[in-house]
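Quick notes on the structure that follows.
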Amino acid sequence: MDRQEVAHVTTDSPSARAARILARVRAIPEGFVRTYGDIHPAAPRLVGHVLATAPDDVPWHRVVRADGTLPMGPLQRERLWREGVPMRGDRVEMRLARLPEVAS
DNA sequence: GTGATGACGGAAA
DNA sequence: CTTTCCGCCATCA
């Protein structure tokens, strides 16, 4: 389905989307990561904005780019490393750390 | 109201 | 491998 359908199916409203995004991010288990696109395919950039203005009790470091590079640099890298996320150089081994799409 | 920007993604060259 | 280009949506000037 395209983004229009997604928006229709998933009760949209600025706050509702933000809430859904935050919920998904909080659901990422330690040691794994998900990409912006995985969290909200229709608007990856929105995910970034939400995380940027989100409370720090969310595991924002578990959200990385689709190619495994880290948007937040060294800090994020350190946090992921501590959780045992497999990395190669400065990027995450998506093949192993990327969490499969979750239903809901 | 318009236009630029950003913690992005994917396709094309 | 890199660089463009276009689509997305909320914010902000």
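Chain naming here is simple, since letters A, B, ... match the order of the sequence lines and numbering starts at 1 in each. Keep in mind that this is a model prediction, so the values were computed, not measured.
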What is the distance, to the nearest angstrom, from the [atom1] atom on [X] to the [atom2] atom on [N]?
{"X": "A/M94", "N": "B/dG10", "atom1": "CE", "atom2": "C1'", "value": "15 Å"}
{"X": "A/L51", "N": "B/dG6", "atom1": "CG", "atom2": "P", "value": "17 Å"}
{"X": "A/I21", "N": "B/dA7", "atom1": "CD1", "atom2": "P", "value": "15 Å"}
{"X": "A/I39", "N": "C/dC9", "atom1": "CD1", "atom2": "C1'", "value": "16 Å"}
{"X": "A/M72", "N": "B/dA7", "atom1": "CE", "atom2": "C1'", "value": "6 Å"}
{"X": "A/D67", "N": "C/dT3", "atom1": "CG", "atom2": "P", "value": "13 Å"}
{"X": "A/R45", "N": "C/dC6", "atom1": "CZ", "atom2": "P", "value": "14 Å"}

Q: Report which part of the nucleic acid A/L46 touches: base, sugar-phosphate, or nothing (heavy-atom distance under 4.0 Å, all strands).
A: sugar-phosphate

(Q) Any base atoms under 4.0 Å from A/A52, or only sugar-phosphate, or nothing? Heavy atoms, all strands. (A) base

Q: Please determine if a side-chain N or O atom of A/R65 lies less than 4.0 Å away from the OP1 or OP2 oxygen of B/dC8.
A: yes

**Q.** Below 4.0 Å: OP1/OP2 of C/dA10 and any side-chain N or O of A/R17
**A.** yes

To the side chain of [X], which of [options] is closest?
{"X": "A/A66", "options": "B/dG9, B/dG6, C/dC9", "value": "B/dG9"}
{"X": "A/H49", "options": "C/dT11, B/dA7, C/dC1", "value": "C/dT11"}
{"X": "A/R91", "options": "C/dC1, B/dC8, C/dC9", "value": "C/dC1"}

Q.
So, taking the atom named CD1 in A/I21 and the one named CG in A/L51, what distance separates them when rounded to the nearest 0.5 Å?
A. 7.5 Å

Q. Once you round to the nearest 0.5 Å, how far does CD of A/Q76 lie from CG of A/L70?
A. 4.5 Å

Q) Hey, which of A/R24, A/R98, A/R62 is the one that makes salt bridge (charged side-chain N to carboxylate O under 4.0 Å, His left out) with A/D38? A) A/R98

Q.
Quick check: on DNA chain C, is the nucleotide nearest A/P44 upstream (toward 5') of the one nearest A/P14, or the reverse? Name the residue that is more 5'.
A. A/P44

Q) Distance-only, no hydrogens or angles: does the A/E83 side chain make a donor-acceptor pair with backbone N or O of A/P29 under 3.5 Å? A) no

Q. Side chain of A/R91, backbone of A/D67: donor and acceptor closer than 3.5 Å?
A. yes

